[in-house]
Amino acid sequence: MARKSKMSERWPNQVRAFDGTVAAINRGVKRLCVTSPTGSGKTRMFTDMIEWANANHHRVALYTQRRMLYEQTCRVLDKAGIRYGKRASGHSQNLFLDVQICMTQTELSRVYKGESRKLHQADLLLIDELHNQNAPTFKRIEADHVAAGAAAIGYTATPLDIEGYEELLVAGCMSECLKIGALVKPETY
């Protein structure tokens, strides 16, 4: 059972990301890029969106392409009490759950290269490290999800060379994150 999201416990950039993303989806935006600095809680932003999707009976596919980030995201979702299936090699699968955490490379192999698995029928597509997911192979996954009706929300700290997105939502900036204590000022030598 998913816990109730407490937006009052969120940093301003996380609240802004949630409010802005839901507003964009409600306006009919199909591709949204959300940016906030590294370390400013983008995984928490995923959690908020997944809880919103669960409350609204939407199915979710969350994509990441690095094993370390995949495992980190799974730990955060476990801690939040979110039930999800794993679509990654080396993990037991439960393809019947509405929320699926997908490893990009595994989906490419199992959906497009001869295996009979289909993409998760997601209403909401969450993309971690969007700036690293711009290869034609991932764009095919994304396009297929969007063509099936999903809204694609990409998260990145570096929104460079990202094409095909209708809007950019600047959820947070360094100065704000430093001011609220989410980040510490770097010292350079």
Side-chain angles (χ1 to χ4, degrees), residues 2-56 58 60-77 79-80 82 99 101-102 104 122-135 138-139 142 145-146 150-189:
R3 66 176 169 76
K4 185 178 179 184
S5 180
K6 297 177 183 133
M7 295 307 285
S8 62
E9 297 175 3
R10 303 296 193 258
W11 292 325
N13 64 306
Q14 294 168 332
V15 173
R16 197 174 302 117
F18 177 79
D19 291 344
T21 301
V22 170
I25 290 169
N26 289 336
R27 283 194 315 275
V29 172
K30 295 306 270 179
R31 287 186 169 98
L32 175 70
C33 176
V34 179
T35 185
S36 197
T38 299
S40 65
K42 286 183 290 297
T43 307
R44 189 70 169 264
M45 294 174 195
F46 297 153
T47 304
D48 290 339
M49 289 308 302
I50 291 169
E51 289 177 343
W52 172 84
N54 281 338
N56 289 284
H58 297 310
V60 179
L62 191 160
Y63 281 85
T64 188
Q65 72 174 96
R66 291 179 42 210
R67 180 67 63 182
M68 177 189 73
L69 294 174
Y70 184 90
E71 299 298 338
Q72 173 188 321
T73 301
C74 289
R75 284 191 302 273
V76 170
L77 297 184
K79 187 175 179 181
I82 295 172
V99 178
I101 308 304
C102 309
T104 300
D123 304 297
L124 181 63
L125 175 64
L126 303 175
I127 306 160
D128 190 20
E129 300 288 337
L130 179 62
H131 62 280
N132 284 329
Q133 300 265 32
N134 58 8
F138 182 77
K139 289 298 181 187
E142 180 187 26
H145 275 294
V146 172
I153 314 300
Y155 296 83
T156 182
T158 52
L160 303 172
D161 296 326
I162 294 172
E163 297 177 0
Y165 280 74
E166 298 166 54
E167 293 184 16
L168 173 67
L169 171 59
V170 179
C173 61
M174 285 295 291
S175 60
E176 176 187 45
C177 290
L178 290 168
K179 184 177 178 180
I180 62 173
L183 301 175
V184 295
K185 187 174 182 179
E187 292 185 27
T188 57
Y189 300 92

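Model, not experiment: these values are computed from the prediction.
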So, for [X] and [Y], which heavy atoms are closest and what is the spacing to 0.1 Å?
| X | Y | value |
| --- | --- | --- |
| Glu142 | Ala152 | OE2-CB, 3.7 Å |
| Asp48 | Gln14 | OD2-O, 4.5 Å |
| Glu166 | Val29 | OE1-CA, 3.6 Å |
| Pro37 | Ala157 | C-CB, 3.9 Å |
| Val34 | Ala17 | CG1-CB, 4.0 Å |
| Thr21 | Met49 | CG2-CE, 3.6 Å |

Is there side-chain contact between Thr64 and Glu129, with heavy atoms separated by less than 4.5 Å?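 Answer no - side chains too far apart.
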
Side chain to side chain, Ile25 and Leu124, heavy atoms closer than 4.5 Å: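 A side-chain contact exists here, since the closest heavy-atom pair is under 4.5 Å.
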
Distance in Å, [X] [atom1] paired with [Y] [atom2], rounded so as to fall on 0.5 Å steps:
| X | Y | atom1 | atom2 | answer |
| --- | --- | --- | --- | --- |
| Leu32 | Ile127 | CG | CD1 | 10.0 Å |
| Gln72 | Thr43 | CD | OG1 | 4.5 Å |
| Leu77 | Glu51 | CG | CD | 9.0 Å |
| Asn134 | Leu160 | CG | CG | 10.5 Å |
| Tyr165 | Thr156 | OH | OG1 | 10.5 Å |
| Asn54 | Ile82 | CG | CD1 | 6.5 Å |

More than 12 heavy atoms of other residues, nucleotides or ligands under 6.0 Å from CG of Asn26: is that the case?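 Yes.
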
Around Arg67, counting heavy atoms of other residues, nucleotides and ligands shown, do more than 12 lie under 6.0 Å from its CZ?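 Yes, enclosed.
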
Just jot down the salt bridge (Lys or Arg N to Asp or Glu O under 4.0 Å) partners of Glu167, sequence neighbours excluded, or say none.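 Glu167 satisfies salt bridge (Lys or Arg N to Asp or Glu O under 4.0 Å) with Arg27 once adjacent residues are dropped.
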
My understanding is that only residues two or more places apart in sequence, or in another chain, count here; which of them pass salt bridge (Lys or Arg N to Asp or Glu O under 4.0 Å) with Lys179?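 Counting only residues at least two positions away or on another chain, Lys179 forms no salt bridge (Lys or Arg N to Asp or Glu O under 4.0 Å).
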
In terms of ring plane angle, is the pair Tyr63 and His145 parallel, tilted or perpendicular, where the classes change at 30° and 60°?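 Tyr63 and His145: perpendicular rings.
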
Show, in sequence, the C-alpha distance, side-chain angles and deciding distance for Lys42 and Asp128, and conclude whether the side-chain contact (heavy atoms from CB on, under 4.5 Å) test is met. CA-CA 8 Å; Lys42 286 183 290 297; Asp128 190 20; 5.6 Å; no

Can you give each donor-acceptor pair under 3.5 Å made by side-chain atoms of residues 181-189, sequence neighbours left out, with the distance rounded to 0.1 Å?
{"from": "Glu187", "atom 1": "OE1", "to": "Tyr189", "atom 2": "OH", "distance (Å)": "3.2"}

Please test Met174 against Glu176 for side-chain contact (heavy atoms from CB on, under 4.5 Å), starting from the C-alpha separation and ending with a verdict. CA-CA 6 Å; Met174 285 295 291; Glu176 176 187 45; over 6 Å; no

Evaluate the side-chain contact (heavy atoms from CB on, under 4.5 Å) criterion for residues Phe18 and Arg10: first the C-alpha distance (whole Å), next the side-chain angles of each, then the deciding distance (0.1 Å), finally the verdict. CA-CA 10 Å; Phe18 177 79; Arg10 303 296 193 258; over 6 Å; no

Please check if the side chain of Asn132 supplies one atom and the backbone of Gln65 the other of a donor-acceptor pair under 3.5 Å.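 No, because the side chain of Asn132 does not come within donor-acceptor range (under 3.5 Å) of the backbone of Gln65.
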
Is it the case that the side chain of Tyr70 and the backbone of Ile101 share a donor-acceptor pair, with hydrogens and angles ignored and the cut-off at 3.5 Å?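 Side chain of Tyr70 to backbone of Ile101: a pair is present.
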
Check against side-chain contact (heavy atoms from CB on, under 4.5 Å), Thr35 and Leu130: CA-CA 10 Å; Thr35 185; Leu130 179 62; over 6 Å; no

